[in-house]
Amino acid sequence: MIKSMTGYGRGVSSNEILRITADIKSVNNKYLDIQVKMPYYLMFLEDKIKKIIKNRVSRGRVEVYIKDEKLSEAKSDIIVDKLIADRMKNALDELKKDIGINEEIKLEHILLNNEILEFRPKELDQDLVETIIYEAVTAAADGLLDMRKIEGEELYDSLKENIKSISEGVKIIEQRSPLMIEEYREKLRLRTEELIDDYSKYDEDKLNSEVVFFAERSDIEEEIVRIKSHIVQFTNNLNTEIAVGRKLDFITQEMNREINTISAKSNDLVIKDEVINIKSMIDKLKEQVQNIE
């Protein structure tokens, strides 16, 4: 069954330290284009995140948003640089002597140097982080795929209806085509009678020759055969499990080419009207297949 290229999915996973929320949305695109936006410290997982997407999606622009939330209060270690603290105290002692101040040096004076204390975030266990990222992204990707399948089912019904209308229109043209030649013969005969006083003296071979020339010029049998073949191909490809969006787009272009040729070859009003209806249906197909994976 065909799948749409538009969809959305969300996944959430957490442990006692971290909660990860993954949002994934996709829109139409000629190729597969995956964009991942997430905190810098998680960038080492970008390739694995893209692999999860590639296992489920083959076409479309896919945007992945990863949001993190720290849950643990013990987020940082406090690092004390005792060497700098000692140098700071000695410097203050010398300063006291140089300017003649007897004030006692306190800890708060030493801590004025902001290099003495450093609040360093604890490194998260990479395996643990990878596990919850995988769970969140997988859940979001599965949700995205489900939505693309649902929209694909809706597209399928509409495409089947449109291709059925095109097939019915082609059948009308096919039935009308031989009648067009006979009607042309009769119109030509009546017109000749109007223009020639003694029609009995008119060379019937000339009339037949003109009809043959018209028939050859307006022969649309090959175009009908080809467009019927394209209709069958289009219908068959709707039921495949692989990505067929590009192929359906190409088949639709070929159908459009054949119907334009039929229009150019024929001046019959019935066929012209049916061509207009078919072209309208083909335009709908062209728009719809742009959203098929």
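Just so you know, these numbers use all the heavy atoms, side chains as well, and skip hydrogens, waters and symmetry mates.
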May I ask you to test the Leu32-Ser58 pair for a side-chain heavy-atom distance under 4.5 Å?
no

For Ser4 and Leu155, work out which heavy atoms get closest and say how close.
CB-CD1, 4.3 Å

Evaluate the side-chain proximity of Glu63 to Lys37: yes if any heavy-atom separation is below 4.5 Å, no if none is.
no

Separation between NZ of Lys265 and CD1 of Ile271, rounded to the nearest 0.5 Å
12.0 Å

Distance-minimising heavy-atom pair for Ala141 and Ile53:
CB-CD1, 4.2 Å

Expected output: side-chain Arg246 to main-chain Tyr31 donor-acceptor under 3.5 Å:
no

Please report the interatomic distance CD1(Ile173) to CD(Glu274), rounded to the nearest 0.5 Å.
6.0 Å

If you measure from CD1 on Ile282 to CG on Asn277, what distance do you get to the nearest 0.5 Å?
11.0 Å

Is a donor on one side and an acceptor on the other found under 3.5 Å between the side chain of Lys96 and the backbone of Glu103?
yes

Between Ile166 and Phe234, is there a side-chain heavy-atom distance shorter than 4.5 Å?
no

Might you point out which heavy atoms bring Ile66 and Val64 nearest each other, and give the distance in Å?
CD1-CG1, 3.9 Å

Under 3.5 Å, side chain of Asn256 to main-chain N/O of Thr252, donor-acceptor pair present?
no

Check whether more than 12 heavy atoms from other residues, nucleotides or ligands sit under 6.0 Å from atom CD of Glu287, and answer yes or no.
no

Determine, step by step, whether Met1 and Lys149 satisfy the side-chain contact (heavy atoms from CB on, under 4.5 Å) criterion, reporting the C-alpha distance in whole Å, the side-chain angles of both residues, the deciding distance to 0.1 Å, and the verdict.
CA-CA 8 Å; Met1 181 67 72; Lys149 286 180 178 179; over 6 Å; no

Spacing of CD belonging to Glu258 relative to OG belonging to Ser229, to within rounding of 0.5 Å:
9.5 Å

Side chain to side chain, Arg226 and Glu223, heavy atoms closer than 4.5 Å
yes

Answer whether the closest heavy-atom distance between the side chains of Glu174 and Lys228 falls below 4.5 Å.
yes

With a 3.5 Å cut-off and sequence neighbours excluded, list the donor-acceptor pairs that the side chains of residues 80-93 form with protein atoms.
unit_1 : atom_1 : unit_2 : atom_2 : d
Asp81  : OD1    : Leu83  : N      : 3.3
Asp81  : OD1    : Ile84  : N      : 3.2
Lys89  : NZ     : Asp93  : OD2    : 3.0
Asn90  : ND2    : Asp86  : O      : 3.4

Which atom of Lys272 lies closest to which atom of Ser266, heavy atoms considered
CE-O, 2.7 Å

Among the clusters formed by ILVMFWY side chains lying less than 4.5 Å apart, do Ile172 and Ile262 turn up in the same one?
no

Quick one: does Thr240's side chain have a donor or acceptor within less than 3.5 Å of a partner on Asn236's backbone?
no

For residues Leu45 and Val137, determine if any side-chain heavy atom of one lies less than 4.5 Å from a side-chain heavy atom of the other.
no

Would you compute the distance between atom CD of Glu293 and atom OG1 of Thr6 and round it to the nearest 0.5 angstrom?
11.0 Å

In Å and rounded to the nearest 0.5 Å, what is the CD to OH distance from Glu151 to Tyr8?
14.0 Å

Verify, without hydrogens or angle tests, whether Arg59 (side chain) and Lys30 (backbone) share a donor-acceptor contact under 3.5 angstrom.
yes

Within 6.0 angstrom of Phe44 CZ, more than 12 heavy atoms from elsewhere:
yes

Heavy-atom side-chain proximity of Leu248 to Leu238 below 4.5 angstrom:
yes

Would you say Val36 and Met43 are hydrophobically clustered, going by side-chain heavy atoms of ILVMFWY under 4.5 Å?
yes

Is the shortest distance from a Lys or Arg side-chain nitrogen in Arg257 or Glu254 to a carboxylate oxygen in the other one below 4.0 Å?
yes

Residues in side chain to side chain contact (heavy atoms under 4.5 Å, CB included) with Thr138, at least two apart?
Ile52, Arg56, Tyr134, Asp142

Closest non-hydrogen atom pair between Asn28 and Gln290, with its separation:
ND2-O, 3.4 Å

Hey, any chance Ile20 and Tyr65 share a hydrophobic cluster, counting ILVMFWY side chains that come within less than 4.5 Å of each other, even indirectly?
no

Which heavy atom of Tyr41 sits nearest a heavy atom of Asp68, and at what distance?
OH-OD2, 2.8 Å

Minimum side-chain heavy-atom gap Ile133-Met38 below 4.5 Å:
no

For Thr131 and Glu135, what are the C-alpha separation, side-chain angles and deciding distance, and is it a side-chain contact (heavy atoms from CB on, under 4.5 Å)?
CA-CA 6 Å; Thr131 297; Glu135 291 173 353; 3.7 Å; yes

Please determine whether side-chain contact (heavy atoms from CB on, under 4.5 Å) holds for the pair Val62 and Ile24, giving the CA-CA distance in whole Å, both sets of side-chain angles, and the decisive distance to 0.1 Å.
CA-CA 7 Å; Val62 182; Ile24 305 177; 3.5 Å; yes

Assess whether atom NZ of Lys50 is packed by more than 12 heavy atoms of other residues, nucleotides or ligands within 6.0 Å.
yes

Verify same cluster id: Ile242, Ile2 (apolar side-chain graph, 4.5 Å):
yes

Cluster check Leu145, Met5: I/L/V/M/F/W/Y, side chain < 4.5 angstrom
no

Residue pair Ile163, Met255: steps toward the side-chain contact (heavy atoms from CB on, under 4.5 Å) verdict
CA-CA 11 Å; Ile163 202 70; Met255 282 194 287; 3.9 Å; yes

Greater than 12 external heavy atoms within 6.0 Å of Glu222's CD:
no

